[in-house]
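Read the structure below first, then the notes.
Proteins get letters first, then strands, A, B, ... in listed order; numbering begins at 1 in each.
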Protein chains: 2
Amino acid sequence: MSEQLSKFQEYLQSQRLKLTRSRKLVLEAAFSLHEHFDAESLHERIKGLNVSLATVYRTLPLLQEAGLVQLALRKDGRDFFEHILGHPKHLHWLCESCQRVYETELEELIPILENKAKSQRFTINTINIHISGICWKCRKNENDSQ
Amino acid sequence: MSEQLSKFQEYLQSQRLKLTRSRKLVLEAAFSLHEHFDAESLHERIKGLNVSLATVYRTLPLLQEAGLVQLALRKDGRDFFEHILGHPKHLHWLCESCQRVYETELEELIPILENKAKSQRFTINTINIHISGICWKCRKNENDSQ
DNA sequence: ATGTTGTTGCAAATGATTCTCAATAACAAG
DNA sequence: CTTGTTATTGAGAATCATTTGCAACAACAT
């Protein structure tokens with residue numbers, strides 16, 4: 001059994017919730033996609049397997065609470081998630097011009113954030129950093145056309 | 001004329017847009033509130049002055065593009081903004097238990113982020129950092145009740 | 001003053017997410 | 001491996017923040 005599945009099962013048991021066929025499929029879908037996904041892309045991924053979109057929406061918070069998935073960013077009025085197994089956390093860079101999303105490591109920021117957390121006795125669960133601006137490709141195009 | 005108003009006017013002119021009564025009122029409302037606000041709270045703030053909610057929604061992106069306001073966080077399915085005049089940027093700490101939002105400075109992170117930006121030739125426009133977890137008040141209550 | 005063009009309020013539309021409910025599936029216990 | 005208990009499901013309706021269409025109106029350049 002995959003690491004993520006047993007982690008999910010463990011979480012569900014701790015909450016007296018059930019490990020169902022639909023939930024397994026949603027979990028698998030989430031880990032089969034190696035980019036940001038929203039509820040609809042998960043649903044699309046398991047289309048034909050008789051799992052309703054409502055169930056995908058209902059499963060997403062469970063995956064978050066289980067520490068398997070986290071909200072990555074909001075784009076075009078929709079929530080996008082990413083799975084986290086042991087993945088280093090990362091920054092998200094959003095280009096306001098082309099809407100592309102880039103990622104970089106955030107390792108070096110963690111100690112600083114943990115320090116701040118400590119001083120106000122805050123227990124960190126997830127860290128989410130978004131930087132909006134213009135990426136080099138778009139900056140380049142702007143210059144080209146001037 | 002307030003600094004924010006002339007900045008807004010400057011932006012509008014650069015885009016051949018008009019400085020209207022409604023837009024002025026929305027701007028004033030945004031700067032009169034010293035906490036996070038959503039479209040509805042702005043509308044509420046200028047209730048009776050005959051500015052429609054749709055216009056508030058239409059003005060918000062303009063204020064963002066003018067660099068006067070930025071999206072601060074999403075809560076309860078709504079977007080919350082904050083004004084920025086010369087304000088130091090800050091981190092947002094969201095308590096998952098009581099839903100309170102705390103803020104702290106982020107000064108020391110800026111050079112690191114600018115460095116990362118430079119190395120990938122990204123032009124930073126806005127920085128948004130959210131940390132979710134449990135605040136000390138809720139942590140305390142949890143312990144009390146155990 | 002006046003024409004041109006952007007803007008507004010209003011109401012209807014949109015679209016992601018949530019909810020309702022009767023039917024069904026997990027799973028613990030015998 | 002049956003059965004009872006309780007959580008879960010699919011389907012579709014309901015919500016609710018945000019967006020849009022449109023005809024009347026207001027900014028502002030000339």
Exercise for the section: Assess whether atom CD of Q120(B) is packed by more than 12 heavy atoms of other residues, nucleotides or ligands within 6.0 Å. Expected result: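 Buried by this count: over 12 neighbours within 6.0 Å.
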Exercise for the section: Inspect the surroundings of NZ in K75(B) and state if more than 12 heavy atoms from other residues, nucleotides or ligands are less than 6.0 Å away. Expected result: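 Atom NZ in K75(B) is packed in, count exceeds 12.
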Problem - Side chains of I129(A) and L109(A) in contact at under 4.5 Å (non-hydrogen atoms) - result: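 I129(A) vs L109(A): side chains touch.
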Pairs under 3.5 angstrom, nitrogen or oxygen only, protein versus nucleotides 19-25 of chain D, please.
{"from": "dG21(D)", "atom 1": "O6", "to": "R58(B)", "atom 2": "NH1", "distance (Å)": "3.3"}

Problem - F8(A)/L19(A) under side chain to side chain contact (heavy atoms under 4.5 Å, CB included): CA gap, chis, key distance, verdict - result: CA-CA 8 Å; F8(A) 192 27; L19(A) 180 58; 4.2 Å; yes
Practice task
Check each residue of residues 11-42 of chain A for a non-hydrogen atom within less than 4.0 Å of any atom in DNA chain D, then write out the ones that pass by number, or none.
Solution key: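 Heavy-atom contacts with DNA chain D come from L17(A), K18(A), T20(A), S22(A), R23(A).
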Handout entry: Covered region of DNA chain C, 5' end to 3' end, by chain B [heavy atoms, under 4.0 Å]
Key =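 Footprint of chain B along DNA chain C, 5' to 3': dT5(C) to dC10(C).
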Problem - Full working for side chain to side chain contact (heavy atoms under 4.5 Å, CB included) between V69(B) and I84(B) - result: CA-CA 5 Å; V69(B) 150; I84(B) 38 182; 5.6 Å; no
Handout entry: Spacing between D79(B) atom CG and dC16(D) atom P, to the nearest angstrom
Key =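 Value for this atom pair: 17 Å.
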Problem - Between dA17(D) (P) and D76(B) (CG): distance, integer Å - result: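 Rounded to the whole Å, the gap is 10 Å.
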Has the side chain of [X] got a donor or acceptor atom that lies under 3.5 Å from a matching backbone atom of [Y]?
X	Y	value
H43(A)	V26(A)	no
Q70(A)	G67(A)	no
H92(B)	E103(B)	no

Exercise for the section: Look at K116(B) together with E108(A) and state whether they make a salt bridge at an N to O cut-off of under 4.0 Å. Expected result: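 Looking at K116(B) and E108(A), the cut-off is met.
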Handout entry: E44(A) and K47(A) ion-paired at < 4.0 Å
Key =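 A salt bridge is present here (some side-chain N lies under 4.0 Å from a carboxylate O).
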